[in-house]
2 protein chains.
Amino acid sequence: MVTLSEENYLKAIYHLAKHENASVSTNAIAQKMQTKASSTTDMIKKLSEKGHVEYQKYKGVKLTEKGRLAAVSVIRKHRLWEVFLVQKLNFSWDEVHEVAEQLEHIKSDKLTQQLDVFLEHPTEDPHGDPIPDCNGNIPSSQKVLLAQIDQNQSCICVGVKDSTTDFLQYLDKHNIALGTKIKVISKESFDESMTLKINKTELAISKEVAHNLFVKIN
Amino acid sequence: MVTLSEENYLKAIYHLAKHENASVSTNAIAQKMQTKASSTTDMIKKLSEKGHVEYQKYKGVKLTEKGRLAAVSVIRKHRLWEVFLVQKLNFSWDEVHEVAEQLEHIKSDKLTQQLDVFLEHPTEDPHGDPIPDCNGNIPSSQKVLLAQIDQNQSCICVGVKDSTTDFLQYLDKHNIALGTKIKVISKESFDESMTLKINKTELAISKEVAHNLFVKIN
DNA sequence: TTTAAAATTTAGACAAGACTAAAAATTTAT
DNA sequence: ATAAATTTTTAGTCTTGTCTAAATTTTAAA
């Protein structure tokens, strides 16, 4: 049994963890949850007890697979309800959040499943965010090629199109991994090359690289 | 602000109060809520503080108008969601209760109102129970013909089927009006006549009368 | 009508989830 | 590398809603 409060913390941790394996700080969670750090520490201990997070004192937390599934299940419900509210009940996109925050905690597998059917298996909520499926898989509809990112925009590396060893080694050498934050400093139109900023160091990349790296805007 | 727990107690009290002015015992509430009497006493005090119930020690509670409205609002939501689950999500009538128990606590006037519109203003839930309107009025769809009331049952006059002057004058002469409380003393099967008690006086009526007067059990 | 039984309330305790203040660990900056 | 600043944890408290056990009031029975 996962309490309402636990679900909210798991969701917060999930959203704060930029990449799969990133650990999330107590303060960041507290800030997102609008609570004090001490309250967060208390909750982290409970989540750790229940196997939802891996916790090392002073080192922040990482979601376990169990925790990730719990978080994603809540997010799935949240986004399905948002679709329902907009499509069926005439809510506007900016009115749905607060209500969906309540509806996401309703516990009934049949309800979620039938709602999904009723809405004809939507893959995105009204804000364009992907809706996880019932197994916790998230359609990566939001990923775009780095080449499509505008100047001065930031994004996060979420995958590669070309997964040859050569390319992966190239990325490795330049400290680009899943979850790496990338800012586009400039784009040259004549050869489609780019200049990036990665962890405070600049990197010039070619068209080939820009067209083989998937990123997520954030 | 009414908490989730308070809402459940108010609902329980509402359902236990047979007639408008009946007071409900602590034990009865405890039994319905699956809690101990001491817990119920605690909650009664809170509800009394907030003006939802009138409370006299050892004498049970009565809902105030404020409390009644709060209870009815929850019941309205419960029944609307039941209609939604059955009509739109293909739940069967016996699967809806548990889920509706959760959904009834979602706080959003717009949600309730739009759900009502989406369902085209249903007046009864899938079990045939009336759905209160947004002002807390309950459609007396539960009205049945007086002829259907069992011996020793009490009911309240809520309307007539035959509205001819003759019939209305007949009712008037015998002090039967909207809201009059009627108790069925006896029923004769051979001619479907009945003996009633109205304001302490007995009245024998024919089949014709029994089949033209709508009453509400309560 | 006095006593026994049943119902109700009080008193004290506990778990969940939050807080404040203080202590401890980590990180940053000199 | 050490002091200062920041982050995190601990310790102790509070509120909500629950419990048990004991005390009190009401009701029922002899």
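Quick note on labels: first sequence line is chain A, next is B, and so on, each numbered from 1.
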Legend entry - Presence of A:Lys45 side-chain N/O under 4.0 Å of D:dT10 phosphate oxygens OP1/OP2: yes
Inset, instruction - Look at all strands and tell whether B:Ser5 reaches a base, only sugar-phosphate, or nothing, counting heavy atoms closer than 4.0 Å. - result: sugar-phosphate
Inset, instruction - Tell me which of A:Tyr58 and A:Tyr9 sits closer to the 5' end of DNA chain C, going by the nucleotide each one is nearest to. - result: A:Tyr9
Legend entry - Closest listed nucleotide, where the reference is the side chain of A:Met43 and the choices are C:dA18, D:dT9, D:dG17: C:dA18
Inset, instruction - Round to a whole Å and report the spacing from NZ of B:Lys50 to C1' of D:dT16. - result: 10 Å
Inset, instruction - Could you please name the option among D:dA11, D:dC19, C:dT27 that lies closest to any side-chain atom of A:Ser38? - result: D:dA11
Legend entry - B:Lys36 side chain near C:dT8 phosphate (N/O to OP1/OP2, under 4.0 Å): no
Inset, instruction - Taking A:Gln102 for its side chain and B:Lys107 for its backbone only, find out whether a donor-acceptor pair lies under 3.5 Å. - result: yes
Inset, instruction - Remember a base hit wins even if backbone is also touched, and classify B:Thr41 as base, sugar-phosphate or nothing at under 4.0 Å, heavy atoms. - result: base
Inset, instruction - Indicate whether OP1 or OP2 belonging to D:dT8 is found under 4.0 Å from a side-chain N or O atom of A:Asn27. - result: yes
Legend entry - Distance in angstrom units between A:Lys46 NZ and C:dG17 C1', rounded: 5 Å
Inset, instruction - Answer with base, sugar-phosphate or nothing: what part of the nucleic acid does A:Ser25 contact at a heavy-atom distance below 4.0 Å? - result: sugar-phosphate
Inset, instruction - Report yes or no: do B:His105 and B:Glu7 form a side-chain donor-acceptor pair below 3.5 Å? - result: yes
Legend entry - Gap between atoms NZ and C1', on B:Lys59 and D:dT26 respectively (whole Å): 7 Å
Inset, instruction - Scan A:Asp133, A:Asp109, A:Asp116 and name whichever one has a salt bridge (charged side-chain N to carboxylate O under 4.0 Å, His left out) with A:Arg76. - result: A:Asp116
Legend entry - Side-chain N or O of A:Thr3 closer than 4.0 Å to phosphate OP1/OP2 of C:dG17: yes
Inset, instruction - Decide ring-ring contact (aromatic ring centres under 6.0 Å, His included) for A:Phe84 and B:Phe84; before the verdict, give the C-alpha distance in whole Å, the side-chain angles of both, and the deciding distance to 0.1 Å. - result: CA-CA 12 Å; A:Phe84 172 74; B:Phe84 171 74; 5.1 Å; yes
Legend entry - D:dT8 phosphate, OP1 or OP2, under 4.0 Å from A:Tyr55 side-chain N/O: no
Inset, instruction - Check every atom of C:dC19, C:dG17, C:dT9 against the side chain of A:Glu6 and return the nucleotide holding the closest atom. - result: C:dG17
Inset, instruction - Round to a whole Å and report the spacing from CD of A:Gln34 to C1' of C:dA18. - result: 14 Å
Legend entry - Salt-bridge criterion met for A:Lys11 and A:Glu101 (N-O under 4.0 Å): yes
Inset, instruction - Give me the ring orientation class for A:Phe118 and B:Phe118: parallel if the planes are under 30° apart, tilted from 30 to 60°, perpendicular past 60°. - result: perpendicular
Inset, instruction - Rounded to the nearest angstrom, tell me the gap between atom CE in B:Met1 and atom P in D:dG17. - result: 12 Å
Inset, instruction - Check every strand shown and say whether A:Ser39 touches a base, only sugar-phosphate, or nothing at a heavy-atom separation below 4.0 Å. - result: base
Legend entry - Of the listed nucleotides C:dC19, D:dT26, C:dT8, the one nearest the side chain of B:Thr26: C:dT8
Legend entry - Interatomic distance where CD belongs to B:Glu49 and C1' belongs to D:dG17 [whole Å]: 16 Å
Legend entry - Sugar-phosphate, base or nothing in reach of A:Asp42, heavy atoms under 4.0 Å: base
Legend entry - Integer-rounded Å distance: D:dT16 C1' and B:Leu47 CG: 13 Å
Legend entry - Length of the NE2-P vector between A:His105 and C:dG17, whole Å: 12 Å
